[in-house]
Number of protein chains: 2
Amino acid sequence: MQHRSDRRATIRDVAKAAGVSPITASRAMQGSGLVRPKTIEKVVQAAKQLDYIPNLAAGTLSTNASHLVAVILPNMSNSIFADTLQSISDSLRDSGYQLLVGYSDNSPELEELLVRTFLSRRADAIVMTGHMHSDETNTLLRRAGVPIVEMWSLNDKPLDTCVGISNFDAARSMTEFMLDKGHRRVAFIGGLLKNNDRTQSRLEGYRAALEAAGLDYDPDLVREVPFEFEHGSLAMRELLAARQKPDAVFAASDILALGALLECNQQGLSVPGDIAVAGFDDERLASLIKPSLTTIGVPRQAIGEKVASVVLSALRGAPVDQRIFDMGFTLVERESA
Amino acid sequence: MQHRSDRRATIRDVAKAAGVSPITASRAMQGSGLVRPKTIEKVVQAAKQLDYIPNLAAGTLSTNASHLVAVILPNMSNSIFADTLQSISDSLRDSGYQLLVGYSDNSPELEELLVRTFLSRRADAIVMTGHMHSDETNTLLRRAGVPIVEMWSLNDKPLDTCVGISNFDAARSMTEFMLDKGHRRVAFIGGLLKNNDRTQSRLEGYRAALEAAGLDYDPDLVREVPFEFEHGSLAMRELLAARQKPDAVFAASDILALGALLECNQQGLSVPGDIAVAGFDDERLASLIKPSLTTIGVPRQAIGEKVASVVLSALRGAPVDQRIFDMGFTLVERESA
DNA sequence: ATCTAAAATGATACCGGTACCATTTTACTG
DNA sequence: CAGTAAAATGGTACCGGTATCATTTTAGAT
């Protein structure tokens with residue numbers, strides 16, 4: 001922990017060493033195009049000599065631009081979000097923006113706290129997951145004066161802009177797909193509904209498809225569990241223990257579907273022979289396991305890229321005319337259903 | 001994108017509204033304990049009234065403390081690191097620190113860039129993964145004047161402090177374990193070695209165990225592939241296609257081991273009957289699949305907590321006497337080996 | 001060589017907090 | 001109730017960049 005007693009070099013030190021004024025040094029480092037090449041050279045040399053490291057806090061204070069884009073995700077364990085995050089990160093890097101990431105754990109209170117911190121740090125833009133925010137959060141965001149993007153779920157009237165897919169349509173499509181295959185008792189293993197518009201919409205889509213097919217909604221066929229592998233297994237075990245077993249199961253995530261598949265394996269049921277199983281997300285594993293998993297493909301990367309491009313144009317002052325970007329999903333038919 | 005034309009409230013505005021001086025308002029908001037409760041109340045009310053949001057850039061500039069802890073990870077897709085990150089985040093939250101996360105993609109150049117940015121943002125501490133840095137990065141870090149923690153791998157002479165496990169010992173133990181079981185042709189499926197001290201140490205541990213057992217190191221039994229499920233399968237396929245098949249496989253991550261297991265399944269080989277398989281990391285899935293996976297358990301959460309506690313004591317000025325924290329691993333014996 | 005527009009450079013102030021030190025107010029003591 | 005220490009509060013300056021506008025230098029035209 002070798003703390004150096006000598007103060008770090010400032011732009012003024014660099015300027016002095018280069019024999020120019022601080023503001024010229026600043027412009028030289030910024031590549032503003034206003035400085036003569038020879039002068040830039042002098043400044044850069046001086047900076048290198050002095051191990052100059054600019055202080056972005058000062059820059060932020062002065063320009064009111066932090067070059068930070070804040071992103072709030074539900075959690076850090078879901079690889080789905082990781083892919084989108086990666087894609088946002090990659091797309092923003094070249095423009096000199098850095099990500100400030102926070103995890104809300106699906107708690108509106110935590111989310112509000114995060115928004116406050118991000119505003120305090122003067123994030124240049126804020127990217128949220130979903131559109132279920134506390135009233136206070138909504139107020140904060142509306143007043144924020146920075147671009148806001150809500151991603152993953154579509155939303156009729158976003159705070160500002162939204163980029164995502166219709167979870168409702170996707171879930172309805174998959175349910176219809178199974179019904180079309182002749183299944184009549186289609187169960188639904190969904191994630192926790194609270195504060196999660198994605199899981200809610202998926203359940204609604206499932207119900208809508210049943211209704212359209214003239215089937216009754218049977219609560220016994222629906223399980224609401226955390227998005228964890230083992231809960232997929234447990235839910236499946238419960239469904240299979242019932243007097244009237246399902247002939248198909250639609251899980252609202254591949255993780256849950258995998259758990260369900262495993263349980264079928266354990267019980268010696270053939271998939272899709274005895275029971276069909278479908279997932280949601282199209283995770284890497286989905287195509288690799290046996291039987292490969294029928295699922296909903298979500299353009300995670302495209303979502304990230306679109307989010308980044310929306311943020312960038314907004315930050316460049318280009319008016320984003322479109323406020324809702326439907327990135328579309330695909331129903332990926334494989335072996336399991 | 002409703003930008004408000006009116007300037008955001010500053011601490012001076014709040015102070016004026018509360019009828020106190022800016023510095024008193026500042027102290028009231030900070031909870032410094034120097035302000036009378038009645039005054040605090042006035043200030044807090046005024047702040048709420050004005051929708052005051054403090055500007056942390058200004059605070060950082062003034063106090064030279066950003067309340068940011070920077071963390072550099074190899075990638076964002078590996079859940080192993082996510083768990084540690086989560087644990088660091090949780091442990092630091094209460095002390096008011098926020099994480100600034102960057103991903104190096106195992107590239108020393110990217111890592112250096114990240115370090116520069118983090119120093120520019122005046123991160124209060126920097127947490128790195130591993131200890132393979134460019135010379136320039138080492139210089140930067142040594143001069144940084146902030147606590148540095150290198151995590152995950154142990155290191156004889158860390159830049160500052162390091163918290164992790166001995167990948168060498170872990171790999172050697174697992175290899176010995178398999179040899180003790182009577183296997184004689186133990187293959188090794190490892191991750192890419194370049195710029196990754198964890199994979200390198202694991203390979204060395206594997207070799208050391210062979211050597212100790214008087215066995216020759218056979219390059220044909222070693223595969224160096226990316227840490228991806230499908231590469232585990234591919235590597236296993238290659239190993240099984242050879243004239244002399246292995247009787248055991250040690251994969252340097254559970255992801256690879258899963259891929260390998262799958263390939264065995266495909267080929268109708270029984271595990272561990274025909275061939276034993278072991279992994280590394282003890283991921284969630286490891287205990288759930290069939291056969292459950294014998295693997296190396298890494299205290300991911302404990303690593304995160306220790307990292308956080310080291311960072312916190314350093315930031316509080318408490319001298320951390322110990323510089324190397326060996327968090328230990330466990331060999332988790334399950335069905336697959 | 002002279003003039004003018006464009007290109008470079010610079011002086012000063014400001015961004016919004018807080019450190020530092022001085023001053024005032026409060027609370028306690030005898 | 002004075003006297004004193006402790007508790008609150010405030011004035012001023014500063015952190016390290018850059019915006020703004022003024023000034024100087026350079027390059028091109030005549």
Side-chain angles (χ1 to χ4, degrees), chain A residues 6-44 46-47 50-68 96 116-117 119-124 145, chain B residues 6-44 46-47 50-68 96 116-117 119-124 145:
Chain A
D6 45 347
R7 194 176 44 79
R8 236 175 248 178
T10 72
I11 193 80
R12 283 165 232 264
D13 300 326
V14 173
K16 192 171 296 177
V20 299
S21 74
I23 183 65
T24 297
S26 170
R27 286 194 271 244
M29 303 292 298
Q30 245 50 61
S32 69
L34 287 175
V35 185
R36 203 188 321 192
K38 210 184 340 171
T39 311
I40 294 182
E41 180 60 20
K42 278 192 302 183
V43 172
V44 168
L50 296 172
D51 294 318
Y52 172 65
I53 294 179
N55 184 330
L56 276 182
T60 296
L61 181 57
S62 177
T63 60
N64 206 29
S66 61
H67 291 274
L68 283 174
R116 276 184 199 287
T117 330
L119 290 176
S120 268
R121 296 207 185 268
R122 294 297 186 264
D124 292 342
Chain B
D6 44 350
R7 195 178 43 79
R8 236 175 249 177
T10 72
I11 192 81
R12 282 167 233 264
D13 300 326
V14 172
K16 192 170 298 175
V20 299
S21 74
I23 181 66
T24 298
S26 170
R27 287 194 271 243
M29 304 292 297
Q30 246 49 62
S32 69
L34 286 175
V35 185
R36 199 190 322 192
K38 210 185 339 175
T39 312
I40 293 183
E41 180 59 21
K42 278 192 300 182
V43 172
V44 168
L50 296 172
D51 293 317
Y52 171 66
I53 294 178
N55 185 329
L56 275 182
T60 297
L61 181 56
S62 177
T63 61
N64 206 29
S66 62
H67 291 275
L68 283 174
R116 275 184 200 286
T117 330
L119 289 177
S120 269
R121 296 207 184 268
R122 294 297 186 265
D124 292 343

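Here is the naming used below: chain letters follow the sequence lines, and residue numbers restart at 1 for every chain. Every value quoted in this text rests on a predicted model; they were computed, and no experiment measured them.
- Note that OG of A/Ser62 and CG of B/Leu61 are 10.0 Å apart. Values are rounded to the nearest 0.5 Å.
- Residue A/Thr39 is classed as a sugar-phosphate contact, given heavy-atom separations below 4.0 Å to backbone atoms only.
- Contact annotation: B/Arg36 reaches the phosphate of D/dT9 (side-chain N/O to OP1 or OP2, under 4.0 Å).
- Listed candidates were D/dG17, C/dG17, C/dA19. Nearest to the side chain of B/Thr10 is C/dG17.
- To the nearest angstrom, P of D/dG16 lies 15 Å from CE of A/Met29.
- Side-chain proximity of B/Arg12 to the nucleotides C/dG10, C/dG16, D/dG17 is greatest for C/dG16.
- Distance check: A/Arg8 CZ to A/Asp51 CG gives 10.5 Å after rounding to the nearest 0.5 Å.
- With rounding to the nearest 0.5 angstrom, the CD1 atom of A/Ile40 is 7.0 Å from the OG atom of A/Ser32.
- Computed from coordinates, the A/Asn55 CG to D/dC14 C1' distance equals 13 Å when rounded to whole Å.
- The nearest whole Å value for the distance from the CG atom in B/Leu34 to the P atom in C/dA19 is 11 Å.
- Distances were taken from every side-chain heavy atom of B/Leu61 (C-beta onward) to each of C/dG16, D/dA19, D/dT9; the shortest belongs to C/dG16.
- Side-chain N/O atoms of A/Arg27 and base N/O atoms of C/dG10 include a donor-acceptor pair closer than 3.5 Å.
- OP1 or OP2 of C/dG10 has at least one side-chain nitrogen or oxygen of A/Thr24 nearer than 4.0 Å.
- With rounding to whole Å, B/Leu56 atom CG is found 14 Å from C/dG16 atom P.
- For B/Ser62, no side-chain nitrogen or oxygen approaches OP1 or OP2 of C/dA19 to under 4.0 Å.
- Closest non-hydrogen pair, A/Thr39 versus A/Thr24, comes out as CG2-CG2, 4.0 Å.
- Heavy-atom distances to DNA chain D give each of B/Val20 and A/Ala25 a nearest nucleotide, and the one nearer the 5′ end belongs to B/Val20.
- The CG atom of A/Leu68 sits 10.5 Å away from the OG1 atom of B/Thr117 when rounded to the nearest 0.5 Å.
- Residue B/Val35 places its side chain closer to D/dT9 than to any other of D/dG17, C/dG17, D/dT9.
- As rounded to whole Å, 11 Å separates atom P of C/dG17 from atom CG of A/Asn64.
- The interatomic distance linking A/Ile23 (CD1) with D/dT24 (C1') rounds to 16 Å, in whole Å.
- In this structure, the CG atom of B/Asp13 is 13 Å from the C1' atom of C/dG17, given to the nearest Å.
- One can place CZ of A/Arg8 at 15 Å from C1' of D/dG17, the figure rounded to the nearest angstrom.
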